Amino acid sequence: QLQASGGGLVQAGGSLRLSCAVSGRTFSTYDMGWFRQPPGKEREFVSSTIWSGSNTYYADSVKGRFTISRDNAKNMVYLQMNSLKPEDTAIYYCASARGWAGGDPRRYTYWGQGTLVTVSS
């Protein structure tokens, strides 16, 4: 199971840190990703990290503003979001995948319930 948290209302330019708690003893073998779904739009890739955390990937729209990280000892993955913009408003989902998944949502097996991020202008 994946449990995302940390969403909320923030003003443009502000920061939020999303967390995703993952149950299970094989967390350290999973690639992890963050996706988001803006209101009225399709789900889109935000960021991902491989099982070790040594490689990270970002959508162009968040590159330089968001940082993904993971703590395998705590079964946690995080998304630090800085310099937030109104267009970052969305429901954010964490997901896990066995093996390489990158930005392809079809490769992710398990999904959290989502946490809402609202950025006001």
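Model, not experiment: these values are computed from the prediction.
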Inset, instruction - Just do the side chain to side chain contact (heavy atoms under 4.5 Å, CB included) check on S19 and M76 with the steps written out, would you? - result: CA-CA 7 Å; S19 299; M76 296 290 295; 3.7 Å; yes
Inset, instruction - Is it possible for you to say whether L16 and Y58 belong to one hydrophobic cluster, with membership spreading through side-chain heavy-atom contacts below 4.5 Å? - result: yes
Inset, instruction - Would you confirm whether S47, through its side chain, and W34, through its main-chain N or O, come within 3.5 Å as a donor-acceptor pair? - result: no
Inset, instruction - Please examine the side chains of Q80 and S15, heavy atoms only from C-beta on, and report whether any two atoms are closer than 4.5 Å. - result: yes
Inset, instruction - Determine, stepwise, if the pair Y93 / F35 fulfils ring pair (Phe, Tyr, Trp, His ring centres under 6.0 Å). - result: CA-CA 5 Å; Y93 299 90; F35 292 78; 8.8 Å; no
Inset, instruction - Provide the closest heavy-atom pair for R107 versus A97 in the form atom of the first, atom of the second, distance. - result: O-CB, 3.3 Å
Legend entry - Pairwise distance CD(E44) to CZ(R36) - rounded to 0.5 angstrom: 4.5 Å
Inset, instruction - Assess whether atom NZ of K63 is packed by more than 12 heavy atoms of other residues, nucleotides or ligands within 6.0 Å. - result: yes
Inset, instruction - Of all the heavy-atom pairs spanning Y108 and M32, show the shortest one and how long it is. - result: CE2-C, 4.0 Å
Inset, instruction - Please report the closest heavy-atom contact between L9 and S120, naming both atoms and the distance. - result: CD1-CB, 4.3 Å
Legend entry - Identified side-chain contact (heavy atoms from CB on, under 4.5 Å) counterpart of Y78 within the set I68, D71, L18, T67: D71
Inset, instruction - Measure from the side-chain N and O atoms of D31 to the backbone N and O of W51, and report whether any donor-acceptor pair falls under 3.5 Å. - result: yes
Inset, instruction - State which residues pass side-chain contact (heavy atoms from CB on, under 4.5 Å) with S52; sequence neighbours excluded, sorted by chain then number. - result: I50, S54
Inset, instruction - Determine yes or no for a side-chain-to-main-chain donor-acceptor pair under 3.5 angstrom, with S23 supplying the side chain and Q1 the backbone. - result: yes
Legend entry - Single-linkage hydrophobic cluster Y57~L79, side-chain heavy atoms < 4.5 angstrom: no
Inset, instruction - Indicate yes or no for a side-chain donor-acceptor contact from N75 to the backbone of V22 under 3.5 Å, with no hydrogens or angles considered. - result: yes
Inset, instruction - Carefully, step by step, assess T29 and F27 under the rule side chain to side chain contact (heavy atoms under 4.5 Å, CB included). - result: CA-CA 5 Å; T29 66; F27 171 76; over 6 Å; no
Would you mind writing out the side-chain donor-acceptor pairs for residues 110-119 within the sub-3.5 Å range, not counting sequence neighbours?
residue, atom, partner, partner atom, Å
Q113, OE1, A4, N, 3.4
Q113, NE2, A4, O, 2.9
T115, OG1, G7, N, 3.0

Inset, instruction - List in chain and number order the residues that pass side chain to side chain donor-acceptor pair (under 3.5 Å) with R65, two or more places apart in sequence or in another chain; answer none if no residue qualifies. - result: D88
Inset, instruction - Indicate yes or no: at least one non-hydrogen side-chain atom of P105 is less than 4.5 angstrom from one of R43. - result: yes
Legend entry - Atom pair CZ (F66) and CG (N82), whose distance is rounded to the nearest 0.5 Å: 8.5 Å
Inset, instruction - Give a yes/no verdict on a cation-pi contact between R70 and Y30, requiring under 6.0 Å between NZ or CZ and the six-membered ring centre and an angle within 45° of the axis. - result: no
Inset, instruction - Might you point out which heavy atoms bring P86 and A12 nearest each other, and give the distance in Å? - result: CD-CB, 4.1 Å
